[in-house]
Amino acid sequence: MKLQASRGTAEGSRLAHVIERLVEESPALARTRRARAADGDSMLVMLLREIDETVLPRRIVLVVDGREVAQMAVSNRRLSGLQIVGERKGTPGSEPGDPTSAARVYAHRLQALFDRPGRMRLRVDRKMPPADPDGLSCSARNLAACIGLSLTPSAGTGDLRDFLRGIETLMLAWMTVAGKTGEEHHRGPEALIAGLRAFREVEQKSSMASIRAARPRCLLLPLPDGRTVLRATVGSDQVLAVLTRDAAAPAMDAWRKVFGVAAG
């Protein structure tokens, strides 16, 4: 699958990452994805990311011990309906056109749900989602802010795709190369992509600044105009990118968050 995204925009870059992540999954998982998390906060982050990456109408179901405990209506990266089994219907305290107030209502209900005992599982499918009679709707970002959680990559995930998402606003162009197949994906102006392709072929030079872990590795090469060329590798897979001015420090911080290793 190839995506023609708006070049040079963070939104186009994020959409490209999401589509590439989804097409890497098997068709069965793309239709009905299942996920687990070790604790409530991790599961909430997982849920918020799922909402933030969902554009077409979907239903998200939360299951505890094989029993459905809640289902949500999600589309356009927004939560627009929530039904919780056994929940008493109260006064919403929010006007339909007030997304901030709606986020507070949803946050309170979700936190109460995640305080329940039992290991929770998340399932996403294409069945008709429930409609919220109160007409409440809020974005995943507003909801995350109300709950006090972040949608940035979790520390120590060790995933190059999480690192790529973590630096998406810093990149002018990027390229990923799968080590086993050599398959390449890229986004950005053709001149910058050509430069990254050439950089991929040259030997790493000792003048490069580096962030090192036993495995993986991340190398930064400052350019005279203030931009930076980045090369990150995990095993035989790699990411190359041209970063905006003064982006080296934020990129190193993103590396530390994803791989759990201090920059240096």
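For clarity, every value in this text was computed on a predicted model and none was experimentally measured.
Checked against side-chain contact (heavy atoms from CB on, under 4.5 Å), Glu184 has the following partners two or more places apart in sequence or in another chain: Met175, His186, Arg197, Arg200. In this structure, Arg104 has no side-chain hydrogen bond (donor to acceptor under 3.5 Å, both in side chains) partners at least two apart in sequence or on a different chain. Looking at residues two or more places apart in sequence or on another chain, you find a side-chain contact (heavy atoms from CB on, under 4.5 Å) between Ala254 and Phe163, Ile167. Partners of Arg227 under the salt bridge (Lys or Arg N to Asp or Glu O under 4.0 Å) rule, at least two apart in sequence or in another chain, are Asp225. Residues forming a side-chain hydrogen bond (donor to acceptor under 3.5 Å, both in side chains) with Glu68 (at least two apart in sequence, or on another chain): Arg123.
Ionic pairing of Asp52 and Arg141 is present here: one or more N-O contacts between side-chain nitrogen and carboxylate oxygen are shorter than 4.0 angstrom.
What you find for Pro57 and Ser75 is that their closest heavy atoms are CA-CB, 3.7 Å. Across Ala232 and Trp255, no two heavy atoms sit closer than the pair CB-CZ3, 3.7 Å. Between Ala107 and Ile147, the shortest heavy-atom contact is CB-CG1, 3.6 Å.
For Tyr106 (side chain) and Ser137 (main-chain N/O), no donor-acceptor pair under 3.5 Å exists by modelled atom type. At distances below 3.5 Å, at least one donor-acceptor pair connects side-chain atoms of Arg109 with backbone N or O atoms of Leu82.
The residue from Arg59, Arg58, Gln71 that alone fulfils the side-chain contact (heavy atoms from CB on, under 4.5 Å) condition with Lys127 is Arg59.
Interatomic distance, CG of Leu44 versus CE of Met120, reported as 8.5 Å (0.5 Å rounding). The distance from atom CD1 of Ile84 to atom CG of Leu110, rounded to the nearest 0.5 Å, is 6.0 Å.
Applying the side chain to side chain donor-acceptor pair (under 3.5 Å) test to every pair with at least one member in residues 237-246, sequence neighbours left out, gives these pairs: Arg231-Gln238.
Arg126 is not listed as a side-chain neighbour of Leu56, based on a closest heavy-atom distance of 4.5 Å or more. In this structure the side chain of Leu240 never reaches within 4.5 angstrom of the side chain of Trp174, judged on heavy atoms.
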